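As the structure is a computational prediction, the values presented were derived from the model and not from experiment.
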Amino acid sequence: MASYANQECFQSNDDLPIVLLHRLPSFNSPLKDILQPHFHLLDPADSPEPASSFLSCHAKSVRALICIYNTPLSAETLNLLPSLELIVAASAGVDHIDLEECRCRGIIMTNASTAFAEDAADHAVALLIDVCRRISTADRFVRAGLWPVKRDCSLGFKMGRKRVGIVGLGRIGFEVGKRLEAFGCSIAYNSRKKKPSVPFSYHANVLDLAEDSDALILCCSLTEQTHHIINKDVLEALGKEGVIINVGRGALIDEKVLVQFLLRGDIGGAGLDVFENEPDVPRELFELDNVVLSPHRAIFTSESLEALHELVFTNLKAFFSNKPLQSVFQIE
Ligand SMILES: O=CC(=O)O
């Protein structure tokens, strides 16, 4: 259990470092209660003023901002905050933040993949096992009372010893690789650069990786370069028995193309936690037993949220005490 005891000698709310919360009104987070004793939190979502006048009014005093989950943070909003030096992203992915603007302004960013990596990796592996062994299908079969009547439900296939290709070998991808090695899978990966001290084999492009894999697991960030990185050619290369798992972002896959491949049986199955137009999920997928769906929750466990809160707190404390930050996200 994290301790947030206030060891500082701040005397009143006026002495506390000012931190701006950037959230949609619908995203409430217990973080607010945790941080309140230690920081002077400004929350435009709670103010009756329009956000832009609220931000203009506090513009000069805001050096740090917490971006809650995937609340979009545009260059326009950043321009209202000329003193901003630090963005603490309470998420692993940062595709909702204008990184180019942050890079130009030299704004430092931290993200939450250290807090989320293990749980996101567990979820990716769980989706793979479920697609291969049809666990959700079997669950539906039992609940529908079909066992005494039909006896058999659809046959799955073995997951152990398969060739798994990981797209994006950051913290989450690496945890996925470690777990699947224990199942006897052979692991290869694609990422921007070959990683020097990693025991998995490297493929410089996703097409080659797909050709050499029985399953692809997407763990990379969504950027201009990775948008629709999984397209018709990659799915063809993965082949009729191939399985695709996505715990990254929906738009890594050309979703319309994937749906066509699944409907025609041109790919073996899919385990999807993320979608192009969340919360809308293509309805055609609902009928398919070789598809397992979850509502963008790979990262969420009570432990990972606790780790996130601790990480956000530690980063803000470090920033205002001029100490090294944890989990700095390198903007390239
Ligand atoms: O998808 C969740 C995250 O990026 O934290």
Side-chain angles (χ1 to χ4, degrees), residues 20-24 26-27 29 65-79 81 84 86-117 119-121 123-124 127 166-176 189-193 206 216-231 234 244-258 272-281 294-300 304 308 311-312 315 327-332:
L20 180 74
L21 265 192
H22 183 66
R23 64 170 177 114
L24 296 174
S26 53
F27 287 161
S29 162
L65 171 155
I66 308 171
C67 189
I68 301 289
Y69 305 129
N70 57 351
T71 310
L73 183 51
S74 64
E76 205 182 3
T77 302
L78 291 169
N79 284 335
L81 301 167
L84 189 67
L86 173 74
I87 295 173
V88 177
S91 58
V94 291
D95 48 292
H96 52 292
I97 298 176
D98 192 318
L99 298 183
E100 185 51 25
E101 181 66 21
C102 296
R103 198 181 57 74
C104 292
R105 295 230 335 239
I107 295 172
I108 305 165
M109 173 132 53
T110 64
N111 76 339
S113 31
T114 48
F116 292 150
D119 295 292
H123 198 88
L127 286 174
I166 300 174
V167 182
L169 203 75
R171 286 177 207 277
I172 297 171
F174 186 69
E175 291 295 329
V176 169
Y189 72 100
N190 162 260
S191 62
R192 272 168 306 186
K193 292 183 205 129
V206 174
L216 279 186
I217 304 194
L218 309 184
C219 304
C220 61
S221 323
L222 176 64
T223 62
E224 268 173 36
Q225 291 72 39
T226 60
H227 183 262
H228 286 187
I229 193 170
I230 305 302
N231 53 25
V234 173
I244 190 137
I245 304 296
N246 192 1
V247 292
R249 284 289 181 266
L252 295 172
I253 305 182
D254 186 335
E255 195 171 87
K256 286 203 174 68
V257 171
L258 175 65
L272 307 171
D273 183 55
V274 284
F275 303 87
E276 277 207 89
N277 299 304
E278 293 174 7
D280 293 337
V281 176
S294 59
H296 199 150
R297 56 173 305 112
I299 58 166
F300 290 120
S304 72
L308 167 73
L311 187 64
V312 169
N315 274 323
S327 72
V328 173
F329 179 86
Q330 298 299 342
I331 305 174
E332 295 186 354

Point to revise | Worked check of side-chain contact (heavy atoms from CB on, under 4.5 Å) between Ile230 and Leu258 | key: CA-CA 9 Å; Ile230 305 302; Leu258 175 65; over 6 Å; no
Check your understanding: Got a second to check how far Ser304's OG is from His123's NE2, nearest 0.5 Å?
Key -> 11.5 Å
Check your understanding: How would you list, by chain and number, every residue that makes a salt bridge (Lys or Arg N to Asp or Glu O under 4.0 Å) with Glu175, sequence neighbours excluded?
Key -> Lys178, Arg179
Practice item. For Ser191 and Lys193, indicate whether the former's side chain and the latter's backbone hold a donor-acceptor pair under 3.5 Å. Key: yes
Revision key, fill the gap. CD of Glu101 to CG of Asn79, rounded to nearest 0.5 Å, is 4.5 Å
Practice item. Could you pull out all residues at least two apart from Arg297 that satisfy salt bridge (Lys or Arg N to Asp or Glu O under 4.0 Å)? Key: none
Practice item. Would you give the length of the straight line joining atom CZ of Phe329 to atom SG of Cys102, rounded to the nearest 0.5 angstrom? Key: 10.0 Å
Exercise for review: With sequence neighbours left out, write down each residue that passes side-chain contact (heavy atoms from CB on, under 4.5 Å) with Thr71, or none if nothing qualifies.
Suggested key: His22, Arg23, Leu24, Phe27, Cys67, Ile68
Point to revise | Nearest heavy-atom neighbours spanning Ser91 and His96 | key: OG-CE1, 3.3 Å
Check your understanding: By side-chain contact (heavy atoms from CB on, under 4.5 Å), which residues pair with Asn246, not counting sequence neighbours?
Key -> Leu218, Leu252, Ile253, Leu272, Val274
Revision key, fill the gap. Nearest heavy-atom approach of Ala298 to Asp273 is N-OD2, 3.0 Å
Exercise for review: To the nearest 0.5 angstrom, please state how far the CD1 atom of Ile229 sits from the CG atom of Leu222.
Suggested key: 10.0 Å
Check your understanding: Leu65 and Ile87: side-chain contact (heavy atoms from CB on, under 4.5 Å), yes or no, with the steps?
Key -> CA-CA 5 Å; Leu65 171 155; Ile87 295 173; 4.1 Å; yes
**Study point:** Contact summary for Ile217 and Ala124, nearest pair of heavy atoms
**Key:** CG2-CB, 4.1 Å
Review point. In this structure, which one of Leu21, Leu20, Asn315 forms a side-chain contact (heavy atoms from CB on, under 4.5 Å) with Ile66?
Key: Leu21
**Study point:** CE-CD1 distance between Met109 and Ile97, expressed to the nearest 0.5 angstrom
**Key:** 4.5 Å
Check your understanding: Got a sec, which residues hit salt bridge (Lys or Arg N to Asp or Glu O under 4.0 Å) with Glu332, two or more places apart in sequence or on another chain?
Key -> Arg192
Review point. Would a distance-only check, ignoring hydrogens and angles, find a side-chain to backbone donor-acceptor pair under 3.5 Å from Asn190 to Val167?
Key: no
Study note, to complete from the structure: Correct closest heavy-atom pair for Leu73 and Thr77 would be CD1-CG2, 3.8 Å
Review point. Stepwise, does the side-chain contact (heavy atoms from CB on, under 4.5 Å) test hold for Glu278 with Phe275?
Key: CA-CA 6 Å; Glu278 293 174 7; Phe275 303 87; 3.8 Å; yes
Revision key, fill the gap. In short, Ala115 meets Asp119 closest at the heavy-atom pair O-OD2, 4.4 Å
Revision key, fill the gap. In short, salt bridge (Lys or Arg N to Asp or Glu O under 4.0 Å) pairs touching residues 88-97 with sequence neighbours left out are Asp95-Arg249
**Study point:** Full working for side-chain contact (heavy atoms from CB on, under 4.5 Å) between Cys219 and Ile172
**Key:** CA-CA 6 Å; Cys219 304; Ile172 297 171; 4.2 Å; yes
Practice item. Could you tell me the separation between the OG1 atom of Thr110 and the CG atom of Leu311, rounded to the nearest 0.5 Å? Key: 6.5 Å
Study note, to complete from the structure: Heavy-atom closest pair (Ala112 atom, Ala90 atom, distance to 0.1 Å) is CB-C, 4.2 Å
